[in-house]
Amino acid sequence: MLLPLIIALHAAAAAVLPLLARALGARAFLAASAPLVLAAAWALVRAPAVLAGDPAASRLSWVPALGIDLDFRLDALALAMVLLVSGVGAVIFWYSAGYFRRSERGLGRLAATMTLFAGAMLGVVTSDNLFALYVFWELTSVTSFLLVGHDDRKEGARRAALQALLTTAGLGLPMLIGFVVLGRAGGTYRISELVASPPDGPAVAVALVLVLAGAFAKSAQVPLHSWLPGAMVAPTPVSAYLHAAAMVKGGVYLVARLAPGFADTDPWRALVLAFGLATMLLGGWRALRQDDLKLLLAYGTVSQLGFLMLLGGMGSSTAAVAAAGALLAHGLFKAALFLTVGVIDHQTGTRSIAALTGLRRRMPVLAVAAGAAAASMAGLPPLLGFVAKETALEAFLPGHATELPTWASAAMLTGIVLASVLTFAYSARFWWGAFAVKPGVDEPSFHRPTAAFLAAPVALGALSLVFGAYPKAIDPIAQAYAAPYDDHGAPYHLALWHGLGAPLLLTVAVIAAGAALFHWRPIVLRLRAALPRGPNAEVGYHFAVHAVYAVALSVTRRLQTGSLPAYLGIILATLLALPGVRLVRALATGELAVPAGDDLRLWDSPLEALVAVVIAVTAIAALREHRRFAALILLSATGFAIAGLFVLHGAPDLALTLVLVETLTTVILVFVLRRLPATFSVRPPGWPKRLMVLLSGAAGAFVALTLWLATSARTEPPVGASYTGAAQEAGGRNLVNTILADFRALDTFGEVVVLATAAVAVASLVLLNRRDRVIDEPAAEAPEAVPGVPGAPAGDEEGSAR
C-alpha cells in the first residue's frame with residue numbers, strides 16, 4: 001500500500017508548494033523533489049525482488065459496484081520507468097532550483113504543477129487497471145497543458161499548450177473506447193491479466209487500433225508529432241522533464257506494456273513498425289536544419305521516440321532487451337542535453353547556433369558532459385546509447401528472429417541504419433553548434449555557471465558513460481522485461497562488446513556516413529532546400545481544427561435556430577424514436593406483457609376527476625389563447641390545479657413547493673410581459689403546427705403508457721414504506737423533510753448549489769448591467785466615427801494602437 005501513499009504525497013506536496021515558493025523562492029523545488037526521491041528510493045529497494053520475478057502489487061477499491069479498482073504493480077518495465085520519472089525527475093527538480101529566479105512569475109504554481117505531473121506520471125507507469133491508467137493518463141495531459149502554457153502572457157505558449165492538449169487528450173478518448181472494448185473482450189480490466197491471457201477476435205483488433213492511436217499521439221508519432229516541437233516554448237526544465245524523461249514516453253510505455261500479449265495480433269506489429277520508422281526518419285531529417293538548439297533536440301526527440309516505439313512494439317526478445325536499454329539511455333542523454341541548453345540559454349541569453357561560439361573554452365566541464373550525452377545519442381562507444389543501438393541492430397538482422405519475414409527485417413534494418421546516420425549527424429551538429437569556435441561570430445559575454453548549476457547535466461552525462469561501460473548494472477531490468485518473449489534458444493544481453501559481428505560493422509558504417517553528412521552539411525542543406533516540400537503536419541493540425549470548427553458552426557447554425565418549438569420538437573421526436581419505438585416493439589412481440597387492468601380505476605375520489613377536468617380545460621385554453629397575459633394566467637391555473645392533485649394524493653409538502661414555484665414564476669413572467677407585445681403572432685395552421693400537435697399527443701400517450709406499465713410491473717414493495725421507520729429512528733417528524741435532509745441529503749445539497757450558482761449569475765448580470773449603465777451615462781455625445789470603418793468609434797483605432 002506504500003505506492004498509493006507516495007502518489008498521494010505528490011498531491012499533498014503540490015498543495016503546499018505555492019506557500020513554500022513565497023518563502024523559499026526557487027529553492028521550493030528542493031522540497032518538491034522529496035516525493036520523487038521517495039518514489040525512486042522505494043523502487044530501488046523493491047528492485048531485487050521485482051527482478052527476481054516477484055512484482056510489488058497493491059489494490060484500492062475505487063468503484064466496487066462496477067468492479068473497478070485502483071491496481072498498482074511494479075514489475076521490470078515499471079521499475080525502469082519509475083527510475084526515469086522519479087529518479088531523473090528529482091535531478092531536474094534540483095536543477096530547477098538554480099535555473100529559476102525568485103522573481104519568476106507563477107513560480108509556486110509551476111512547482112506545484114510539475115509535482116502533480118510527476119505524481120500522475122508515476123500513476124501511469126504503475127497502474128495495473130485500464131481505467132486507472134486512463135485517469136492518470138489524462139491528468140498528465142492536463143498538467144502538461146498548464147506547464148507548456150506556463151507563461152500565459154505569450155500567445156505562442158497558449159497556442160502550443162492548446163495544441164498539445166487537443167492532440168494528446170483528444171486521441172485519448174478513442175483510446176478509452178479501446179480500453180473498454182479490450183476489457184469487455186478479455187473479461188477483466190487488469191492489464192497484467194489481459195497480457196497474460198490476451199483475447200482475440202475482430203473487436204480486439206479494432207480496440208488495439210484505438211489504443212495505438214492514443215499512444216501515438218502521446219509519444220508524438222508521425223503525423224501527430226507537431227505538438228512536441230511547439231511545446232518547446234515551455235521553460236527548459238519543463239521540456240527536460242516532459243519531453244525527455246517522462247510524458248512523451250507514456251505512449252512508448254503503453255505499447256511496451258501491451259506488446260507481450262498483443263504484438264502477434266494484426267495489425268499491431270505492422271502499425272507500430274511503420275509509424276515508428278517513419279517518425280524516426282522524419283524527426284532526424286527535420287533536426288538537421290534547426291538553428292535553435294532546443295528545437296534541434298525536440299525533433300531529435302521525435303526521432304528517438306519513433307525508435308523506442310518500434311523497439312517496444314516489435315514483440316521479440318532481443319527487441320525488448322533493446323527497448324529497455326534505449327528507454328534508459330534516452331532518458332539520461334536527452335535530459336542532460338536539455339539541461340545543457342538551459343545552462344547555455346540562462347548564461348548567454350541565446351540558443352541560436354549562429355550566435356554561439358567558443359563556449360567549450362568558457363565552460364569546459366559542461367562541454368565534456370554534453371559531449372558524452374551527445375555521443376550516447378549518436379550511438380558511440382562506450383556510451384549506453386551505443387549498447388542499446390547495437391542490440392536494436394541485432395534484433396532486426398534478417399534471420400535473427402522469426403517474428404518478421406526476411407524482407408521485412410531487411411527493410412526495417414535499412415530504415416534504422418538510415419535514421420541512425422541522421423541521428424549521428426544532428427548529434428554532431430548539436431555539440432558543434434553549442435560549443436565549437438565559429439569564425440566570424442562574436443563570442444557572447446557571460447558569467448560562468450556555478451558548479452551547483454552544472455551538477456545535474458554533468459551527473460546525467462556521467463551516468464550515460466557509467467552504464468555504457470558497465471551495462472550489466474541495467475541488464476537485469478532488460479532481461480526481466482524480455483522474459484515473456486521466446487528467445488528461440490539464443491538469449492541476448494546488453495553488453496559493450498559482442499564481437500566483430502554485423503551490428504558492429506553497421507555501427508562503423510553509420511559513424512562514417514553520419515560524419516560525412518555532418519561535414520558536408522551545407523551541401524545537404526542546399527539539397528534539402530531543392531527538394532519539393534511534403535505535407536506539413538502543423539498545417540494539417542490547423543486544417544483539422546478549423547474543419548471541426550466549421551462543421552460545428554454549420555451544425556449549430558442549423559440546429560440552434562432560437563425556436564423553442566423546434567427544440568421541444570427535437571426532444572419529443574428523440575423520445576418517441578428511441579424508447580418509444582422500443583416500447584412499442586416490446587409490446588408487439590410479447591416481450592413486455594400488458595397488465596390485466598384489474599386494479600385500474602378512474603379515481604380514488606370524485607374530486608380528482610374535477611381537478612383533472614380543470615387541468616385539461618386550462619391547458620387546452622392556454623394553447624388556443626392569443627393574448628400573452630391570458631395565456632399566462634391559464635398556465636398558472638394549470639399549475640395550481642396540479643398542486644391540488646398532489647394534495648388529494650397526500651403530498652402537501654410537494655403541493656406547497658409547487659404553489660410557491662408557480663407563484664414566483666407568474667410574478668416574474670408578469671414583469672417580462674410588460675416588455676413584450678400584448679398578443680402572440682398569429683400564424684396560419686400549417687404543417688409545423690399539426691406536427692407539433694401530433695408529437696405532443698404521442699409523447700403524452702407514451703408517458704402515460706410508460707407510467708402504467710411501470711407501476712403494474714412492480715415486483716418488490718415500495719421503498720417508501722421503509723422510510724417511515726427509518727425517519728422515526730432519525731428523529732424526524734416530517735417524512736418528506738427527513739428524506740430531503742437525511743436520506744437524500746447529497747441530492748438536496750446539489751440542488752442548493754445549483755440555486756446558489758444561478759443566484760450568483762443573476763446578481764452578476766444585474767451588477768454588470770448597472771456598471772455598464774454608470775459608465776455610459778457621463779458620455780455627453782457619441783464619439784466620431786473612424787473614417788472607412790462604419791459604426792466604429794474614433795477611440796478604437798487609438799486604443800488598439802496602445
Side-chain angles (χ1 to χ4, degrees), residues 14-15 18-19 22 105-106 108-110 112-113 116 138-139 141-143 145-155 157-159 161-162 165-166 169 545 548-549 552-553 555-557 559-568 570-571 628-629 631-632 635-636 639 656-677 740-741 744-783 791-802:
L19 298 176
R22 294 179 184 177
R105 181 173 176 266
R109 183 184 73 234
L110 179 64
T113 308
L116 280 177
E138 292 305 291
L139 283 175
S141 296
V142 173
T143 49
F145 165 78
L146 298 174
L147 291 171
V148 172
H150 168 65
D151 192 353
D152 53 6
R153 296 169 298 181
K154 297 180 180 178
E155 182 183 355
R158 298 194 302 269
R159 184 169 57 247
L162 182 61
L165 181 66
L166 290 179
V545 170
V548 171
Y549 174 77
L553 189 63
V555 171
T556 302
R557 187 184 298 115
L559 297 182
Q560 301 296 322
T561 60
S563 172
L564 182 59
Y567 297 159
L568 292 176
I570 293 173
I571 294 173
R628 296 181 188 272
F629 185 77
L632 172 61
L635 285 177
S636 300
L656 179 60
T657 302
L658 183 56
V659 168
L660 293 175
V661 171
E662 286 292 340
T663 303
L664 183 60
T665 304
T666 303
V667 172
I668 294 174
L669 290 179
V670 166
F671 285 104
V672 173
L673 291 181
R674 295 171 57 195
R675 297 182 176 273
L676 295 176
L740 293 176
R744 300 186 63 181
L746 193 58
D747 290 347
T748 306
F749 174 75
E751 294 168 0
V752 171
V753 170
V754 170
L755 291 174
T757 305
V760 171
V762 171
S764 301
L765 290 174
V766 171
L767 294 175
L768 179 63
N769 185 35
R770 180 178 302 173
R771 209 163 36 243
D772 291 342
R773 194 160 57 244
V774 170
I775 292 174
D776 293 338
E777 282 176 359
E781 58 183 12
D796 284 359
E797 188 175 19
E798 184 180 354
S800 62
R802 287 197 299 268

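In what follows, residues are counted from 1 in the order of the sequence shown. The structure displayed is predicted, hence computed values, not measured ones. In what follows, every heavy atom counts, from backbone to side chain, and hydrogens, waters and symmetry copies are set aside.
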Nearest heavy-atom pair of [X] and [Y]: which atoms, and what distance?
X    : Y    : value
P18  : A112 : CD-CB, 4.1 Å
E662 : S636 : OE1-CA, 4.0 Å
A14  : L116 : CB-CG, 3.5 Å
T665 : V661 : OG1-O, 2.7 Å

(message) Taking D151's backbone N and O only, do any of them form a donor-acceptor pair with R105's side chain (distance below 3.5 Å, no angle check)?
(response) no

(request) With sequence neighbours excluded, tell me which residues meet side-chain contact (heavy atoms from CB on, under 4.5 Å) with V760. (result)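 V760: side-chain contact (heavy atoms from CB on, under 4.5 Å) contacts with S764.
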
Inter-residue atom distance [X].[atom1] - [Y].[atom2], 0.5 Å rounding:
X    : Y    : atom1 : atom2 : answer
H150 : F145 : NE2   : CZ    : 13.5 Å
F629 : L676 : CZ    : CG    : 13.5 Å
L669 : R628 : CG    : CZ    : 11.5 Å
I668 : L632 : CD1   : CG    : 11.0 Å
R557 : L553 : CZ    : CG    : 4.5 Å

Does a sphere of radius 6.0 Å around [atom1] in [X] hold more than 12 heavy atoms from other residues, nucleotides or ligands, not counting ones at 6.0 Å or beyond?
X    : atom1 : answer
L746 : CG    : no
F749 : CZ    : no
R674 : CZ    : no

(request) Can you sort out the partners of T113 under side-chain hydrogen bond (donor to acceptor under 3.5 Å, both in side chains), two or more places apart, ordered by chain and number? (result)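 With sequence neighbours excluded, T113 shows a side-chain hydrogen bond (donor to acceptor under 3.5 Å, both in side chains) to no residue whatsoever.
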
